[in-house]
Amino acid sequence: MEADEKEDQLQRYAADLRDTFVAERQRAEELRSSYVATVRALTNAVEARDAYTGKHAERVAAYGLELTRRIDPELAGDPQTEFGFLLHDVGKVAIPDGVLYKATDLSDEEQSLMRRHPVIGFEIVSGIEFLTDAAQIVRHHHERFDGEGYPDGLAGDEIPLAARIFAVADALDAMTTDRPYRPGLTIDQAREEIRAGAGAQFDPTVVEQLDGLSDEVIERIRTEIG
Ligand SMILES: [Fe+2]
């Protein structure tokens, strides 16, 4: 084969490779968007039932990702982290309206039913291949750093890091959101409350990173998501 011919052939191979690469990237992108769409649909199915929380899951996911970026950038880059944050309460689909919407205190029986939602959510999500890590966040989002949480009573590092981060993000959103029975706290008040829970409900190293999350970033998330 002539040298010219060889070079032509090599260039054709290179062009083919480039085309394959572009096509693969497009397919990966399509796959990613269908994952995101699936997760959003599941999230909306839960939030549509709970008028109080509105876009709680989206705000928590945004706060959670900001915190995760400071603590473990690789974990923040894993799409399953965001998926787990968004889907944390997916198990509530199995909680009857009468319990989910009850304005007064729950009976012991109702409370134990309500406390099953992390495990129900885990069962829903863990069978989905692209959500196996997200399922760990769903299962452990009500664990406490001191081991007094549920469903498994894990403590400290036994709790997946993303779930420890979630707990702080969740508290921040819950405290700063108005509820029918009480107005939301200011960001400063919420910071103080969360700091008071370091080592008990929350991982102190995560709480420390909350200081790096400025009021501006928190306000921006609140305004953008609503
Ligand atoms: Fe929950």
Side-chain angles (χ1 to χ4, degrees), residues 38-61 63-64 80-156 158-185 190 193-194 197 200-203 206:
T38 306
V39 170
R40 296 240 171 244
L42 273 170
T43 309
N44 291 341
V46 181
E47 301 232 306
R49 286 184 67 209
D50 198 344
Y52 295 159
T53 55
K55 295 195 168 169
H56 165 73
E58 277 187 55
R59 286 191 306 266
V60 170
Y63 296 146
Q80 293 213 37
T81 304
E82 183 176 11
F83 293 163
F85 291 162
L86 285 169
L87 290 169
H88 65 278
D89 268 345
V90 70
K92 283 190 178 169
V93 292
I95 307 296
D97 286 358
V99 176
L100 193 65
Y101 300 135
K102 198 171 176 189
T104 50
D105 287 346
L106 298 178
S107 68
D108 287 351
E109 201 184 323
E110 289 165 338
Q111 185 138 23
S112 64
L113 181 61
M114 190 70 169
R115 285 163 71 112
R116 287 181 54 210
H117 79 271
V119 171
I120 297 168
F122 172 79
E123 281 161 4
I124 292 172
V125 165
S126 61
I128 304 170
E129 207 178 322
F130 75 93
L131 292 176
T132 47
D133 292 342
Q136 292 299 321
I137 304 176
V138 174
R139 184 178 185 106
H140 297 298
H141 77 276
H142 283 292
E143 304 285 0
R144 291 170 49 106
F145 194 73
D146 59 11
E148 297 295 312
Y150 62 95
D152 299 317
L154 302 185
E158 293 170 349
I159 306 165
L161 175 59
R164 277 178 272 146
I165 295 171
F166 173 87
V168 171
D170 187 42
L172 175 66
D173 189 59
M175 288 174 186
T176 54
T177 304
D178 293 332
R179 294 290 159 89
Y181 45 91
R182 60 137 179 86
L185 301 180
E193 288 265 316
I194 292 170
Q201 188 175 354
F202 308 116
D203 179 344
V206 177

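None of the values given here were measured: they were computed from a predicted structure.
Counting non-hydrogen atoms of other residues, nucleotides and ligands closer than 6.0 Å to CG of Asp97 gives a total above 12.
Heavy atoms only, all atoms of each residue included: His56 and Asp173 are closest at ND1-OD2, 2.7 Å. Between Thr176 and Ala190 the shortest heavy-atom distance is CG2-CB, 3.8 Å. Residue Ala162 comes nearest to Thr81 through the heavy atom pair CB-CG2, 4.4 Å, listed as atom of the first residue, atom of the second, then distance. Minimum heavy-atom separation, Val90 to Gly121: CG1-CA, 3.7 Å. When all heavy atoms are compared, the tightest approach of Leu86 to Thr43 is O-CG2, 3.4 Å. Closest approach of Arg139 and Pro151 over heavy atoms only: O-CD, 3.0 Å.
Counting heavy atoms from C-beta on, the side chains of Thr177 and Arg59 come closer than 4.5 Å. Counting heavy atoms from C-beta on, the side chains of Val119 and Glu123 come closer than 4.5 Å. Residues Ile165 and Ile137 form no side-chain contact, since every pair of their non-hydrogen atoms from C-beta on lies 4.5 Å or further apart. Counting heavy atoms from C-beta on, the side chains of Phe130 and Val39 come closer than 4.5 Å. Between Ile124 and Val93, some side-chain heavy-atom pair lies under the 4.5 Å cut-off.
Atoms CD1 and CZ, from Ile95 and Arg116 in turn, are 7.0 Å apart once rounded to the nearest 0.5 Å. With rounding to the nearest 0.5 Å, the separation of CG in Asp203 from CD1 in Ile159 is 8.0 Å. Atom CG in Asp170 sits 9.5 Å away from atom CE in Met175 (nearest 0.5 Å). Put simply, CD on Glu110 and OG1 on Thr104 are 7.5 Å apart, with the number rounded to the nearest 0.5 Å.
Looking at Glu158, its side chain does come within 3.5 Å of a backbone N or O of Ala155 through a donor-acceptor pair.
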Which is it for Gln80 and Thr132 under the side-chain contact (heavy atoms from CB on, under 4.5 Å) test, yes or no, and what are the steps along the way? CA-CA 8 Å; Gln80 293 213 37; Thr132 47; 4.2 Å; yes
Would Met114 and Leu100 count as a side-chain contact (heavy atoms from CB on, under 4.5 Å) here? Give the steps. CA-CA 8 Å; Met114 190 70 169; Leu100 193 65; 3.9 Å; yes
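For Phe166, the ring-ring contact (aromatic ring centres under 6.0 Å, His included) test picks out His88, His141, with sequence neighbours left out.
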Return a table of donor-acceptor pairs under 3.5 angstrom between the side chains of residues 142-149 and protein atoms on other chains or two or more places apart.
unit_1: His142; atom_1: NE2; unit_2: His117; atom_2: NE2; d: 3.2
unit_1: Glu143; atom_1: OE1; unit_2: Gly153; atom_2: N; d: 3.0
unit_1: Glu143; atom_1: OE1; unit_2: Leu154; atom_2: N; d: 3.0
unit_1: Glu143; atom_1: OE2; unit_2: His140; atom_2: ND1; d: 3.0
unit_1: Glu143; atom_1: OE2; unit_2: Asp152; atom_2: N; d: 3.0
unit_1: Arg144; atom_1: NE; unit_2: Asp146; atom_2: OD1; d: 3.1
unit_1: Arg144; atom_1: NH2; unit_2: Asp146; atom_2: OD2; d: 2.8
unit_1: Asp146; atom_1: OD1; unit_2: Glu148; atom_2: N; d: 3.0

